[in-house]
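So the structure is just underneath, and the comments pick up after that.
Sequence lines set the chain letters: A, B, ... in the order given, protein chains first and strands last, and positions in each chain run from 1. Computed from a predicted structure; not experimentally measured. Heavy atoms only: backbone and side chains are in, while hydrogens, waters and symmetry mates are out.
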Amino acid sequence: MITAERKPLEELIECLKPYRRILLAGCNECVTVCAAGGRKEVGILSSALNMHFMKEGKPLEIKEITLERQCDPEYLEQLAPQMDQVDAVLSMACGCGVQEVARRFKETPVFPALNTKFMGASERPGMWAERCQGCGDCVLGSTGGVCPISRCSKQLLNGPCGGSTLGKCEVNPDIDCAWQLIWDRLKALGKTELYEENLPAKDWRPGRGAGPRKILREDLAS
Amino acid sequence: MKTESTLEKILASGHLAVTSECGPPRGAQPQKVREKAEMLRGVVDGVNVTDNQTAMVRMSSLAACIIIRQMGLNPILQMVSRDRNRLAMQSDIIGAYSHGIDTMLCLSGDHPKFGDHPMAAGVHDIDSVQMVEMVKNMRQEGRFQGGEKIDGPPQMFIGAAANPFADPFELRVARLAKKVKAGVDFIQTQCIYNVDKFEKWMQGVRDRGLHEQVYILAGITPMKSVGMARYMKNKVPGMDVPDELVKRMGGVPKEKQAEEGIKICLETIERLKGVEGVRGFHLMAIEWEHKVPEIVERAGLLPRPVEQANPQVGTGNA
Ligand code: SF4
Ligand code: SF4
């Protein structure tokens with residue numbers, strides 16, 4: 001999933017200052033799972049903002065709404081009836097959702113309430129870690145199901161580097177060395193010979209190398 | 001012989017090779033490069049010129065290599081995959097070779113986090129193994145990495161690093177094998193303090209016959225003080241300094257520690273001379289370059305077998 005963290009309250013207060021009527025829009029997908037921008041977080045942020053602007057003597061009018069998916073035009077329509085009653089949208093979706101709001105509602109300013117971080121998974125309750133950079137040409141089959149592009153600090157396709165220490169990355173002892181993980185997994189699979197094959201220099205075009213990407217499925221396109 | 005490299009000639013003739021390094025200055029001070037390199041004249045067969053070492057900005061390795069080449073010495077161009085994509089690498093390699101620089105070292109480089117621009121993005125377009133393969137194909141096939149033909153392919157003698165002390169240890173011989181497969185000609189190892197562990201690694205290297213496919217230069221760094229020994233032990237990732245060595249350094253008075261450090265390094269060299277597959281030494285005397293001549297001399301590695309390159313020959317397309 002896509003992970004995100006809420007921006008500091010002060011930053012949000014700063015960008016809302018010129019406005020009085022706010023639509024605070026959460027999203028029910030990834031950002032709900034990583035507890036950054038779901039219904040619950042919409043409620044919490046709404047009270048915090050209310051409290052602040054009340055104290056300042058300039059109360060805000062905040063409408064709360066949480067869409068099934070902000071990155072989907074179909075669900076986005078639910079915002080339409082609200083738009084002429086608000087001065088700005090504060091979106092608690094990931095960067096994709098924020099942009100879809102901006103694309104659909106051209107006349108209303110939209111601000112991101114979150115910092116979108118990475119595509120990742122939950123390692124344990126309350127912790128998410130990066131897993132994929134969307135390189136567009138997955139090599140997990142040769143690396144024991146551990147991604148060297150997103151999980152090795154130097155993106156080595158033929159690691160480990162000389163800094164790997166007791167399973168940890170030289171960059172930070174909180175980071176597992178991706179190549180230790182790859183090696184352990186290849187051993188567990190009895191496939192250590194895969195390590196001996198040199199992975200060739202990557203063609204970055206399927207990734208960001210050829211500019212912003214699109215997927216077109218003729219069978220679904222109407 | 002694959003190249004015109006002096007280092008290759010010496011290694012191929014069976015002599016123990018000696019290389020050392022010169023870290024370029026953090027400013028436009030060409031005289032600093034000359035001073036450091038001058039100390040190494042007649043003492044080593046090649047001078048590694050580091051590439052933004054420890055992720056700190058310095059004079060470019062290429063520029064410092066040219067200065068050293070013009071002095072008639074043999075620079076070894078270091079290149080890290082952190083700072084350049086494949087276009088920049090290949091153009092610099094062609095540029096280096098056009099200035100008579102015929103030996104290089106392919107590295108991944110320290111992470112930006114360790115340097116003075118921790119906010120910088122690492123490039124990591126290709127890794128060090130892929131870089132070795134790219135430079136080999138430039139030489140052997142006369143082709144760019146992208147596939148097109150090169151008019152006047154650079155003939156680089158290709159080096160890479162190996163760290164026998166990083167984890168997982170059982171993978172360290174296999175990682176070397178990957179570099180050999182990619183086409184590396186010589187290896188300079190991480191500084192060796194734990195000689196037992198190094199010998200164990202070399203055993204693994206010989207078991208796979210890799211010592212017959214690549215020249216291995218053992219990395220040696222003299223310790224100046226017990227403080228440095230402790231720092232290397234605790235702070236430098238992938239460095240293995242046994243407790244006995246720290247104790248030994250600490251066991252002598254402060255003013256004698258430098259000499260003790262040199263003694264340790266001479267003992268290490270002596271012991272490594274007897275290890276099958278060790279084809280020379282790479283002396284990294286960090287900010288202590290003036291000690292290199294003394295160490296090489298006391299280690300019985302003087303005189304060097306081949307005369308230094310002719311300063312007039314600077315085109316490299318011989
Ligand atoms: S190899 Fe590419 S697609 Fe596969 S997990 Fe890594 S970044 Fe994602
Ligand atoms: S220590 Fe491991 S994860 Fe970190 S940069 Fe080196 S190989 Fe990659």
Exercise for review: Can you sort out the partners of A:Gln133 under side-chain contact (heavy atoms from CB on, under 4.5 Å), two or more places apart, ordered by chain and number?
Suggested key: A:Glu130, A:Ile149, A:Ser150, A:Gln155

Exercise for review: Assess whether atom NZ of A:Lys168 is packed by more than 12 heavy atoms of other residues, nucleotides or ligands within 6.0 Å.
Suggested key: yes

Review point. Restricting to pairs with a member in residues 170-200 of chain B, which pass ring-ring contact (aromatic ring centres under 6.0 Å, His included), not counting sequence neighbours?
Key: B:Phe157-B:Phe186, B:Phe198-B:Trp201

Practice item. Test side chain to side chain contact (heavy atoms under 4.5 Å, CB included) on A:Cys177 and B:Asp167 and set out the steps. Key: CA-CA 10 Å; A:Cys177 169; B:Asp167 293 318; over 6 Å; no

**Study point:** Max heavy-atom pair count under 4.5 Å with chain B, selected residue of A:Gly167, A:Pro160, A:Gly209, A:Ser153
**Key:** A:Pro160

Practice item. Determine which residues belonging to residues 3-17 of chain A lie within contact range of chain B, meaning some heavy atom pair is under 4.5 Å apart, and list them by number or answer 'none'. Key: none

Check your understanding: For the residue pair B:Ala166 and A:Cys161, what are the closest heavy atoms and their distance?
Key -> CB-O, 4.3 Å

Point to revise | Top contributor to chain A interface from B:Asn163, B:Leu171, B:Leu107 [non-hydrogen pairs under 4.5 Å] | key: B:Leu171

Practice item. Decide if atom CZ of A:Arg103 counts as having more than 12 heavy atoms of other residues, nucleotides or ligands within a radius under 6.0 Å. Key: no

Point to revise | Leading residue by heavy atom contact count with chain A [cutoff under 4.5 Å; candidates B:Glu170, B:Arg82, B:Lys113, B:Arg86] | key: B:Glu170

Review point. For B:Phe169, does the CZ atom sit with more than 12 other heavy atoms under 6.0 Å from it, leaving out its own atoms?
Key: yes

Review point. Roughly how far, to the nearest 0.5 Å, is CG of A:Asn158 from NZ of B:Lys181?
Key: 10.0 Å

Check your understanding: Under a 4.5 Å heavy-atom cut-off, does chain A meet the side chain of B:Phe114, its backbone, both or neither?
Key -> side chain

**Study point:** Interface residues of residues 180-208 of chain A facing chain B - non-hydrogen atoms under 4.5 Å apart
**Key:** A:Gln180, A:Trp183, A:Lys187, A:Tyr195, A:Glu196, A:Glu197, A:Asn198, A:Leu199, A:Pro200, A:Ala201, A:Lys202, A:Trp204

Review point. Is a side-chain N or O of A:Lys154 found less than 3.5 angstrom from the main chain of B:Gly109, in a donor-acceptor match?
Key: yes

Practice item. Search all heavy atoms of B:Gly238 against all heavy atoms of A:Thr165 and return the closest pair with its distance. Key: N-OG1, 3.7 Å

Practice item. Below 4.5 Å from any heavy atom of chain A, which atoms of B:Ala177 appear? Answer side chain, backbone, both or neither. Key: side chain

**Study point:** chain A interface, residue from B:Arg172, B:Lys179, B:Gln145 that has the most non-hydrogen pairs under 4.5 Å
**Key:** B:Arg172

